[in-house]
Amino acid sequence: MKRFSLILLSFFVVIGLEAKDFTVVIDAGHGGKDPGAISANKKLYEKDVTLKVALMVGESIKKNHPEVKVLYTRKTDVFVGLNDRARMANKANADLFISIHTNAAKSRTAKGAETYTLGIEEERTERNLEIAKRENGVIFLEDNHEKTYANFNPNSPESYIIFEYMQSEFVKESIHMAQYVQEHLASDANRHDRGVRQAGFLVLNATSMPSILVELGYISNAEDAKYLGSESGQKRMSRCISEAFDKYYTDLMKLNASQPAVESTRSTTIPASKEQPEAIQGDEQQPVFKVQFLSSSKRLAAEDKAFKGLKPVEFYYDKGLYKYTYGSSTNYNDIIRIKKKVNEKFKDAFIVAFVQGERIDTQQAIALFKQNNP
Ligand SMILES: [Zn+2]
């Protein structure tokens with residue numbers, strides 16, 4: 001048993017040194033005790049449509065891009081909390097989050113597909129807020145929701161404004177992906193095109209990466225429901241999403257290739273003051289832990305307001321985004337303390353690990369730390 005885990009660990013360390021692959025998280029909306037929206041004839045549940053489409057999307061992404069890591073928030077009919085979905089994606093340091101849903105309305109004539117990104121205040125309409133409320137309302141099904149979502153009230157517009165502000169850096173990338181999804185659903189799947197929209201969905205707001213939420217169609221509309229429930233419809237819609245992914249991913253890889261060599265995934269300290277501490281590099285046996293708290297598509301200056309006074313701040317460049325970190329230690333326990341401090345300003349901040357400036361898997365780094373410090 002022991003020898004086995006040691007072999008496994010050294011295997012992880014070896015692959016951990018490779019540049020991190022692109023990770024996409026596919027999120028099948030609802031599940032288990034939360035059926036989501038239900039068709040007028042009560043036969044079709046949102047949770048079943050989203051799961052089938054999500055699994056198919058993942059399969060075709062894996063087939064077309066074997067180098068891409070595909071993760072699912074659920075692969076079976078189980079209940080998963082909204083925060084847990086986002087947490088999974090953040091923990092995996094995912095590069096893209098795709099949440100799949102079906103819509104519903106009181107009016108049985110409402111139909112068509114729409115894709116959401118994180119809200120921008122001026123774009124928000126009453127109607128978008130209504131939909132966000134419905135999708136977020138699921139938190140009341142979770143145990144301890146008062147504690148988990150301390151200040152989040154799905155019925156208060158103010159809650160959305162706060163969340164929207166926090167993650168606005170990802171809006172551009174999210175819209176990019178959302179537009180591709182919407183284009184394919186309208187042309188290839190012949191869905192009535194309701195466009196790309198913004199709203200404050202909790203599942204999107206809690207993720208630290210470009211994220212979209214696609215409403216494939218209106219399960220409350222007879223015509224849409226028939227398509228949503230059919231195998232051919234599900235296949236077609238999943239192909240639309242995976243083809244949108246192809247385009248988004250290809251764009252990003254091109255963008256990466258055109259970046260100057262210095263903007264690699266290596267971690268760099270933003271020059272600010274003269275007494276910059278010597279950067280801890282770490283080695284294969286001793287990874288360096290840091291706290292990642294922010295990402296942006298453009299490079300920010302050391303004194304940028306977005307850092308909320310944190311300094312010195314370091315960054316690494318990863319698949320089209322500058323990712324900012326604070327603190328640095330080869331001692332995992334130290335970094336947990338630092339993270340708690342950072343969380344006061346950035347509640348979604350999380351721990352990342354590096355070996356000689358290259359990002360490695362955090363779980364593997366923690367395992368290595370624990371092995372070295374029994
Ligand atoms: Zn839903």
Side-chain angles (χ1 to χ4, degrees), residues 25-40 42-58 72-86 88-89 97-108 110-119 127-142 145 149 152 154-155 159-160 163 174 178 181-182 185 189 191-192 194-207 211-221 224-225 227-229 233-234 237-238 240-241:
V25 173
I26 320 262
D27 175 48
H30 311 274
K33 64 182 172 185
D34 168 24
I38 301 171
S39 66
K42 308 266 184 282
K43 284 184 181 154
L44 190 63
Y45 290 0
E46 176 178 1
K47 66 170 184 177
D48 298 324
V49 178
T50 61
L51 182 59
K52 282 187 183 140
V53 173
L55 293 175
M56 282 191 254
V57 170
Y72 302 91
T73 52
R74 65 181 182 102
K75 290 178 86 171
T76 55
D77 183 20
V78 291
F79 180 78
V80 183
L82 291 181
N83 262 3
D84 286 333
R85 294 168 193 258
M88 281 181 211
F97 185 84
I98 302 173
S99 190
I100 298 170
H101 288 256
T102 72
N103 219 331
K106 277 198 199 102
S107 157
R108 296 271 159 90
K111 62 170 188 172
E114 56 205 50
T115 305
Y116 284 84
T117 65
L118 198 70
R127 197 189 141 274
N128 291 358
L129 189 61
E130 282 309 308
I131 293 168
K133 271 187 206 170
R134 192 168 47 69
E135 297 291 14
N136 292 341
V138 65
I139 69 172
F140 293 120
L141 293 175
E142 294 178 34
H145 73 259
Y149 302 102
F152 184 81
N155 297 315
S159 298
Y160 296 95
F163 280 108
S174 305
V181 170
Q182 204 51 37
L185 284 172
R191 299 291 84 202
H192 173 64
R194 304 181 69 101
V196 169
R197 295 157 181 251
Q198 282 83 38
F201 289 101
L202 187 55
V203 68
L204 297 192
N205 281 308
T207 53
S211 321
I212 63 156
L213 186 148
V214 51
E215 299 273 8
L216 294 170
Y218 277 76
I219 205 166
S220 48
N221 174 271
D224 268 11
Y227 189 81
L228 291 167
Q234 289 164 359
M237 291 182 294
S238 62
C240 290
I241 299 171

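When a ligand or atom number is given, it counts from 1 through the structure's own listing order. When a residue number appears, it is its place in the shown sequence, counting from 1. Just the heavy atoms: all of them, side chains too, but no hydrogens, waters or symmetry mates, feed the values below.
When all heavy atoms are compared, the tightest approach of L216 to A113 is O-CB, 3.3 Å.
Here the N, O or S atom of H101 that is nearest to the Zn ion (ligand 1) is ND1.
Side-chain contact between K111 and Y227 is absent, with no heavy atoms from C-beta onward closer than 4.5 Å.
Contact annotation: E215 places no N, O or S atom under 2.8 Å from the Zn ion (ligand 1).
In this view, D224 and R191 satisfy the side-chain hydrogen bond (donor to acceptor under 3.5 Å, both in side chains) rule, not counting sequence neighbours. Remark: S238 engages no residue in a side-chain hydrogen bond (donor to acceptor under 3.5 Å, both in side chains) (not counting sequence neighbours).
Expressed to the nearest 10°, the angle at the Zn ion (ligand 1) joining OE2 in E46 with NE2 in H30 is 100°.
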